[in-house]
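I have placed the structure first, in the form of C-alpha cells, so that the comments after it can refer back to it.
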Amino acid sequence: MKTAGTAKVREALGDYLKALKTEFTMGMILPTKAMAAQELTVERKLSENTLQIQASSRVALGVRIPTVALHMTELFDTAIEQLYRIFTVKDLVQKFSKSPAVLEAEKGGKFQMFDGNITGEYTELLTNKKIVMKWRCRNWPEEHYATVALNFVPTLQQTELQLDCKGVPVCEEENMKFCWQKQHFEEIKGLLQLTTLNG
C-alpha cells in the first residue's frame with residue numbers, strides 16, 4: 001500500500017498540476033515583438049558562449065484578448081459617390097475629422113486620422129460600393145487591428161452606410177460606437193450640410 005499508494009498519489013497530483021497550468025495560462029498575454037527579440041538575443045548569446053548550435057523555436061507574437069463585432073447603419077442625405085469620397089479623399093477626411101490626416105486610398109495604402117489616434121490600412125476598395133480597412137486605435141494592445149467594412153447602399157435620395165466591424169476589444173466596444181456615431185456620422189452630416197449650403 002505504501003509504495004503503490006505513493007505512486008498513485010503522485011500520478012494524481014501530476015495530472016492535477018497539468019490541469020491547473022493549462023487553466024492558468026488560458027487567456028494570458030503572449031510575448032510582444034520586443035519580448036521575442038530579447039529572447040532571441042539572449043538565446044544567441046547563450047549559444048555563442050556555450051558553442052552549441054540549436055534551431056530556435058518559433059515564438060508566438062501578439063496578444064489574446066476578447067473581442068466583439070459591431071454593426072451600425074446610418075442614412076446620409078447625399079449620393080453614394082459623395083459619401084464614398086468623404087472616406088477616400090484626404091481634404092474631406094480632414095474636414096470632418098477637424099485634424100490633419102494621412103491617406104493613401106488604394107489597396108495596401110495606409111491611413112492616419114484624428115492626430116494619429118486612428119491608424120490602419122485599406123485592404124479593399126470597390127468604388128462607390130465598399131471599403132474594407134485594418135483599423136486600430138492608439139490605446140489598443142500593440143499590433144491589434146479590427147476589420148472595418150463600410151458598405152454603401154443606395155436608397156431613395158439617400159445613401160445608407162452599413163458599418164461592420166470585427167475584432168474590437170470588448171473593453172473598447174462603447175468607445176468604438178461613440179467614435180463612429182459622434183466623430184464620424186454626425187461630423188460627416190455636418191460637413192454635407194455645409195457643402196449643400198455653400199454649393
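None of these values were measured; they are calculated from a predicted model.
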Please check this pair: side chain of [X] against backbone of [Y], looking for a donor-acceptor N/O pair closer than 3.5 Å.
X: H184; Y: F96; answer: no
X: E74; Y: L161; answer: no
X: R138; Y: T119; answer: no
X: S97; Y: F114; answer: no

What's the spacing between [X] [atom1] and [Y] [atom2] if we round to 0.5 Å?
X: K90; Y: L103; atom1: NZ; atom2: CG; answer: 8.0 Å
X: Q82; Y: L191; atom1: CD; atom2: CG; answer: 7.5 Å
X: D91; Y: R85; atom1: CG; atom2: CZ; answer: 9.0 Å
X: M72; Y: Q162; atom1: CE; atom2: CD; answer: 13.0 Å
X: E121; Y: R136; atom1: CD; atom2: CZ; answer: 13.0 Å
X: F185; Y: L75; atom1: CZ; atom2: CG; answer: 10.5 Å

>> Does E81 form a side-chain contact (heavy atoms from CB on, under 4.5 Å) with F152? I'd like the steps, not just the answer.
In response: CA-CA 9 Å; E81 297 81 10; F152 301 82; over 6 Å; no

> Does I86 belong to the same Ile/Leu/Val/Met/Phe/Trp/Tyr cluster as V132, with side-chain heavy atoms less than 4.5 Å apart forming each link?
Replying inline: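 No; V132 is not reachable from I86 via cluster members.
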
>> When you group the ILVMFWY residues by side-chain heavy-atom contacts below 4.5 Å and let the links chain together, are M133 and V89 in the same group?
In response: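 Hydrophobic grouping puts V89 with M133.
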
For [X] against [Y], the heavy-atom pair lying closest together:
X: Y145; Y: G120; answer: CE2-CA, 4.1 Å
X: W135; Y: M176; answer: NE1-CE, 3.2 Å
X: Y122; Y: F87; answer: OH-O, 3.1 Å
X: M113; Y: A101; answer: CG-CB, 4.4 Å
X: K134; Y: T123; answer: CG-CG2, 3.9 Å
X: L192; Y: T78; answer: CD1-CG2, 3.7 Å

Check: [Y] and [X] side chains under 4.5 Å, non-hydrogen atoms:
X: D164; Y: N151; result: yes
X: C137; Y: E172; result: no
X: T147; Y: C165; result: no

> NZ of K189: more than 12 outside heavy atoms within 6.0 angstrom?
Replying inline: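 Correct, the count exceeds 12.
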
> Are T88 and T127 close enough, and set up right, to give a side-chain contact (heavy atoms from CB on, under 4.5 Å), and what steps lead you there?
Replying inline: CA-CA 10 Å; T88 56; T127 306; over 6 Å; no

>> On the six-membered ring of Y84, is K129 placed so that its NZ or CZ lies under 6.0 angstrom from the centre and within 45° of the ring axis?
In response: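 Pair K129/Y84 does not count as cation-pi.
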
> So T67 and V168, side-chain contact (heavy atoms from CB on, under 4.5 Å) or not? Walk me through it.
Replying inline: CA-CA 5 Å; T67 61; V168 176; 5.7 Å; no

>> For a side-chain contact (heavy atoms from CB on, under 4.5 Å) check, start with the C-alpha distance between I65 and V170, then their side-chain angles and the critical distance, and finish with the verdict.
In response: CA-CA 8 Å; I65 56 173; V170 169; over 6 Å; no

>> Using a strict threshold of under 4.0 Å (side-chain N to carboxylate O), is an ion pair present between K177 and E174?
In response: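 Result for this pair is yes, salt bridge flagged.
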
